[in-house]
Amino acid sequence: MQHPAFEEVTFHPKHEDERTFKQKVIKTTIILSIITVIELGFGLLMHFLHMPDDFKRLMIKGIVVILSLAKAFYIVAVFMHLGDEIRNMIMTIVVPLMLFIWFIIGFIADGNSYKNLRNKYDKHFKESTDPHKYEQKANTHQIKPGGKN
Amino acid sequence: MSTQTTTESYKGHKTNWWSGGKSPFNLEYGKVMMWYFLMSDAFTFGAFLISYGSIRFSQNFWPDPNVVFNAFPGAGHADLPLAFVSVMTFILIISSVTMVLAVHAGHNHDKKGVIKWLIWTIIGGLAFLSCQAWEWHHLITGEHIVFANGKLEAIGQTMAGNPWGQLVHDNTLLTNALNATPHDALVKIVQSHDHSHSLEELAKMTDTQLRGMVNVADMHIREKGPIAFGGYFYGITGFHGFHVFSGVVINIIMLLMAQKDVFEKRGHYLMIEKAGLYWHFVDLVWVFVFLCFYLI
């Protein structure tokens with residue numbers, strides 16, 4: 001289709017017919033919905049299995065993050081048509097976003113290090129916020145024959 | 001077609017994208033600028049969410065989203081974790097699809113189609129905003145009983161505190177706290193689970209009577225949660241809600257312009273595309289807000 005407003009712009013070189021367009025939109029909608037349902041499933045799984053804050057839970061959270069990135073890819077590439085733009089345009093958007101890699105790692109690590117330092121030097125912080133403090137108290141009330149407690 | 005002949009003549013001159021006379025990105029100015037605005041907006045949202053992550057990683061305990069977001073309109077006190085927010089997510093996905101269809105109708109110069117799909121998109125946006133208003137209202141006014149400073153009190157989720165701390169398993173601690181709780185708080189606590197008495201009746205009762213109506217062992221009493229939780233939640237979902245609101249306003253303006261044949265006279269519906277980009281970005285941001293606050 002020609003571009004009526006600006007002749008230096010050759011509008012949408014890959015023009016598709018009505019049927020392929022509809023199929024693409026329906027396919028993307030289904031993909032986004034299925035990914036969302038899977039994410040919700042993982043969220044509820046962590047809740048109802050009473051999973052402790054361990055490696056397994058972290059793995060599930062990692063999978064959910066990857067699924068969200070997949071959703072973001074489909075929204076940007078198909079709904080926002082960035083996938084149909086020319087390569088240089090895609091790069092001027094995607095390359096600056098690489099800053100997020102440092103941004104996320106750096107600041108999360110900073111928060112984590114602050115927690116470790118406080119736990120080491122601030123005993124009140126450690127004791128008052130310890131996620132297991134009531135469980136430990138409950139355990140010490142029980143009589144454990146042969147136990148060190 | 002004029003465009004084709006122009007391209008042909010450029011080929012004849014052995015020019016490339018950057019030799020002038022052509023748009024190097026093959027996009028018109030407004031759309032390129034919309035993309036760069038959205039990129040900068042992505043960094044704003046990213047900074048907010050990363051700041052939230054940083055604070056969250058600096059805490060030993062953080063509220064469980066399944067505990068915080070378990071209410072559904074009309075379902076009373078039923079425990080339905082993530083149900084309402086999934087409705088909100090689907091509303092936004094569907095309104096994104098209707099926006100794609102509006103943009104596509106614009107490509108085909110189909111004025112009726114543009115108007116029809118824009119109206120559906122606006123309805124989707126308003127539905128999302130209404131859901132968010134209900135959610136905020138429920139979180140602020142829905143009071144839960146917390147154990148704080150050796151006493152019990154009923155609080156909602158605000159910037160000053162929230163009731164999403166750790167479950168207190170120690171019943172002697174809770175019984176002592178109940179005995180130290182003043183009259184006003186006792187009335188609120190009894191009222192939160194006993195609906196057979198009116199507020200006036202409860203207010204007239206003595207503290208001993210009120211305490212007799214409370215069983216701390218099966219009330220799932222929590223401590224106060226990390227203070228930062230409320231501020232980050234309202235700040236970030238509010239900033240996103242503000243984007244949804246401005247998106248709805250932009251879409252209404254597009255609708256009025258389409259109805260007044262502004263785009264017909266202009267010869268193209270490119271403005272709808274730019275509004276569409278903004279609307280999809282709002283959906284895109286929600287993917288990450290949903291991820292950071294509700295899922296992980």
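In the text below, chain A, chain B and the rest are named by the order of the sequence lines, each starting its count at 1.
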* Top of B/L38, B/D283, B/L49 for chain A proximity - count of heavy-atom pairs under 4.5 angstrom -> B/D283
* Could you walk me through whether B/W35 and A/T92 pass the side chain to side chain contact (heavy atoms under 4.5 Å, CB included) check? -> CA-CA 10 Å; B/W35 267 110; A/T92 61; over 6 Å; no
* Could you go step by step and tell me if B/Y36 and A/I93 meet the side chain to side chain contact (heavy atoms under 4.5 Å, CB included) rule? -> CA-CA 7 Å; B/Y36 292 148; A/I93 301 297; 3.6 Å; yes
* To do: Counting only heavy atoms closer than 4.5 Å, note whether A/N119 contacts chain B via side chain, backbone, both or neither.
  => side chain
* Top contributor to chain B interface from A/G106, A/S113, A/P96 [non-hydrogen pairs under 4.5 Å] -> A/P96
* Please indicate whether A/K126 has more than 12 foreign heavy atoms, meaning atoms of other residues, nucleotides or ligands, lying under 6.0 Å from its NZ. => no
* To do: Under 4.5 Å heavy-atom distance to chain A, tell me which part of B/F290 shows up: side chain, backbone, both or neither.
  => side chain
* Structure fact -> Interface check, chain A: of B/V85, B/N66, B/L284, B/V67, most non-hydrogen pairs under 4.5 Å belong to B/N66
* Asked: At a heavy-atom separation under 4.5 Å, does B/F90 approach chain A through its side chain, its backbone, both, or neither?
  -> side chain
* **Crowding at OH, A/Y74 (>12 non-hydrogen neighbours, <6.0 Å)** => no
* Asked: Looking only at heavy atoms, what is the nearest atom pair of B/P81 and A/H47, with distance?
  -> CG-CD2, 3.8 Å
* What part of B/V168 gets closer than 4.5 Å to chain A, counting heavy atoms only: side chain, backbone, both or neither? -> both
* Structure fact -> Ordered numerically, the heavy-atom neighbours of chain B under 4.5 Å found in residues 32-41 of chain A are A/L32, A/S33, A/T36, A/V37, A/E39, A/L40
* **Under 4.5 Å from a heavy atom of chain A, the part of B/P226 involved** => neither
* To do: Quick one: closest heavy-atom pair of B/L291 and A/S68, and the distance?
  => CD1-OG, 3.4 Å
* **B/F281 side chain near A/V76 side chain, heavy-atom distance below 4.5 Å** => no
* To do: Hey, could you give me the CZ/OG1 distance between B/F61 and A/T129, rounded to the nearest 0.5 Å?
  => 10.0 Å
* Asked: So with a 6.0 Å cut-off around CG of A/L45, is the heavy-atom count from everything else above 12?
  -> yes
* Mind telling me whether A/F100 and B/F43 have parallel, tilted or perpendicular rings, with 30° and 60° as the class edges? => parallel
* May I ask you to check whether over 12 heavy atoms, not counting those of A/K123, lie within 6.0 Å of atom NZ? => yes
* Structure fact -> Minimal heavy-atom distance between B/L277 and A/M80, with the atoms involved, is O-CE, 3.4 Å
* Asked: Does atom NZ of A/K22 have more than 12 heavy-atom neighbours from other groups under 6.0 Å away?
  -> no
* Of the backbone (N, CA, C, O) and the side chain (C-beta and beyond), which part of A/V64 lies under 4.5 Å from a heavy atom of chain B, both, or neither? -> both
* Which bit of A/F107 is near chain B, if near means a heavy-atom gap under 4.5 Å: side chain, backbone, both or neither? -> both
* Residue B/L167 versus chain A: region with a heavy atom under 4.5 Å -> backbone
* Measure the spacing between CZ of A/R57 and CD1 of B/I296 and express it to the nearest 0.5 Å. => 11.0 Å
* If every non-hydrogen atom of A/E18 is compared with every non-hydrogen atom of B/N108, which pair is closest and at what distance? -> OE2-ND2, 2.8 Å
* To do: Go through A/M89 and B/N26 one step at a time and tell me if the side chain to side chain contact (heavy atoms under 4.5 Å, CB included) criterion holds.
  => CA-CA 8 Å; A/M89 178 61 199; B/N26 206 17; over 6 Å; no
* Asked: Among A/Y114, A/F125, A/F48, who wins on heavy-atom pairs under 4.5 Å with chain B?
  -> A/F125
* By a 4.5 Å heavy-atom criterion (distance strictly below it), what part of A/I75 contacts chain B: side chain, backbone, both, or neither? -> side chain
* To do: On the 0 to 90° scale, with breaks at 30° and 60°, tag the A/H81-B/H107 ring pair as parallel, tilted or perpendicular.
  => tilted
* More than 12 heavy atoms of other residues, nucleotides or ligands under 6.0 Å from CH2 of B/W62: is that the case? -> yes
* Over 12 non-hydrogen atoms of neighbours within 6.0 angstrom of CG in B/D261 -> yes
* Asked: Say you draw a straight line from CG of A/L117 to OG of B/S58; how long is it, rounded to the nearest 0.5 Å?
  -> 11.0 Å
* Is chain A contacted by the side chain of B/I55, its backbone, both, or neither, given a heavy-atom distance below 4.5 Å? -> neither
* To do: Could you tell me which portion of A/V65 (side chain, backbone, both or neither) has an atom closer than 4.5 angstrom to a non-hydrogen atom of chain B?
  => both
* By a 4.5 Å heavy-atom criterion (distance strictly below it), what part of B/F288 contacts chain A: side chain, backbone, both, or neither? -> side chain
* Asked: Of the backbone (N, CA, C, O) and the side chain (C-beta and beyond), which part of A/R87 lies under 4.5 Å from a heavy atom of chain B, both, or neither?
  -> neither
* To do: Kindly give the heavy-atom pair with the smallest separation between B/L101 and A/F21, and that separation in Å.
  => CD2-CE2, 3.8 Å
* Asked: Using a cut-off of under 4.5 Å for heavy-atom pairs, which of A/K71, A/K115, A/M46 has the most such pairs with chain B?
  -> A/K115
* Over all heavy atoms of both residues, which pair between A/L97 and B/M39 is shortest? Give the atoms and the distance, please. => CD2-CG, 4.0 Å
